[in-house]
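We name chains A, B, ... by the order of the sequence lines, and we start the count at 1 in each one. In this text, all values refer to a predicted model and were calculated from it rather than measured experimentally. Just the heavy atoms: all of them, side chains too, but no hydrogens, waters or symmetry mates, feed the values below.
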Amino acid sequence: MAGAMKIYECSASMAGTDKTSGTVRFKLADDATVNQSNPMTIPSDNYVRPSYTKHLRFYCATAPSQKIDNLQAYSDGSNTFGAGISVNASVGSGFNANATTWGGGADLFGYDSGTPLNMDAYHTASVNATGFCGDLLKLQLKVASPASPGALSPETLTFSYDEI
Amino acid sequence: MGLIEELYSYEIELRDGRIIIDKNDFKPEEVVRITYKPKSKVLPSHTLIFYKDYRYVKRFSRTFMKQGRGVFERVHCVITDKFRFYLFSTSGKILIVDKNYELYI
């Protein structure tokens with residue numbers, strides 16, 4: 001039987017909200033709810049305002065008959081959020097409480113289908129049971145003064161996995 | 001299991017006549033045929049015959065999900081010693097590429 005995977009926005013390494021068919025919204029609060037509360041604000045000159053970080057992780061909802069591996073994530077390679085808005089990403093083995101202080105990673109939009117993020121670089125074991133699996137994808141959005149106000153059209157992350 | 005994951009199933013025929021539809025309880029050199037069968041009659045079936053020109057190495061499927069949309073494609077891959085065969089589940093289209101080519105869409 002084929003396995004089935006979901007994407008969770010994590011509140012801990014093994015807990016979170018199913019966002020497979022949902023949206024991740026960067027905010028000035030540790031909040032997975034997609035609403036207009038705690039929106040990102042545009043700072044004055046010479047300052048970059050970071051969002052609270054987000055963690056995304058694969059969740060195996062239906063165990064495969066054999067195994068799933070080669071977990072990957074990537075963007076479309078094009079940041080259409082507009083001037084003054086960037087997103088950083090990195091993959092790690094553990095969960096750190098979401099905060100505005102991270103400041104690490106690399107440009108998310110530098111990871112495309114040709115150079116995807118390896119989502120099982122740390123948790124390397126193949127997936128053969130239900131539950132959280134693979135590494136945690138850490139994301140942070142940053143807003144600088146050139147940004148324009150208003151709601152942004154969402155960018156889409158693609159996730160892939162191999163099953164034998 | 002969602003609809004896209006169910007569009008194709010496979011069967012592998014071994015030299016001794018056994019038909020494999022799951023698991024990998026066989027040696028690659030025993031494979032003489034692999035057939036991908038569609039669940040829908042509007043999609044084509046595809047068969048690779050391993051006779052003398054190329055040999056079966058392995059098979060797997062690669063599922064693609066877009067966050068906010070879920071699964072949007074499942075690509076079945078057969079790796080031989082000469083080329084890779086990719087089958088797109090949603091259209092039945094195939095792609096023959098270099099044996100080391102990794103497809104991401």
Are any non-hydrogen side-chain atoms of A/Met5 and B/Val71 less than 4.5 angstrom apart?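 Not touching, per the 4.5 Å side-chain cut-off.
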
When you compare the side chain of A/Thr156 with that of B/Arg69, does any pair of heavy atoms fall below 4.5 Å? no

Is it the case that atom [atom1] in [X] sees more than 12 heavy atoms from other parts of the structure closer than 6.0 Å?
X: A/Lys67; atom1: NZ; answer: no
X: B/Asp98; atom1: CG; answer: yes
X: B/Phe72; atom1: CZ; answer: yes
X: B/Ile19; atom1: CD1; answer: yes

Among residues 125-137 of chain A, which residues come closer than 4.5 Å to chain B, judged by heavy atom distances?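 Within residues 125-137 of chain A, no residue comes under 4.5 Å of chain B, counting heavy atoms only.
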
Establish whether [X] and [Y] are linked, either directly or via other cluster members, by ILVMFWY side-chain heavy-atom contacts under 4.5 Å.
X: A/Phe109; Y: A/Tyr74; answer: no
X: A/Ile7; Y: A/Val87; answer: yes
X: B/Ile4; Y: A/Tyr161; answer: yes
X: B/Val78; Y: B/Tyr86; answer: no
X: A/Phe95; Y: A/Trp102; answer: no

Side chain to side chain donor-acceptor pair (under 3.5 Å) partners for A/Asp30, two or more places apart: A/Asn98

Who passes side chain to side chain donor-acceptor pair (under 3.5 Å) against A/Ser44, sequence neighbours left out? none

Chain A neighbours within residues 29-63 of chain B, where any heavy atom lies under 4.5 Å away: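 Under the 4.5 Å heavy-atom cut-off, B/Lys58, B/Arg59, B/Phe60, B/Ser61, B/Arg62, B/Thr63 qualify.
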
Which atom names give the shortest non-hydrogen contact between [X] and [Y], and what distance separates them?
X: A/Thr158; Y: B/Ile105; result: CG2-O, 4.0 Å
X: A/Ala2; Y: B/Arg74; result: CB-NH1, 3.5 Å
X: A/Thr20; Y: B/Met65; result: CG2-CE, 3.6 Å
X: B/Tyr104; Y: A/Ser113; result: CB-O, 3.5 Å

Quick one: pull up CD in A/Glu163 and NE2 in B/His76 and give me the separation to the nearest 0.5 Å. 9.5 Å

Toward chain B, the part of A/Thr23 with a non-hydrogen atom under 4.5 Å: backbone

Part of A/Ile68 within contact of chain B (heavy atom distance under 4.5 Å): neither

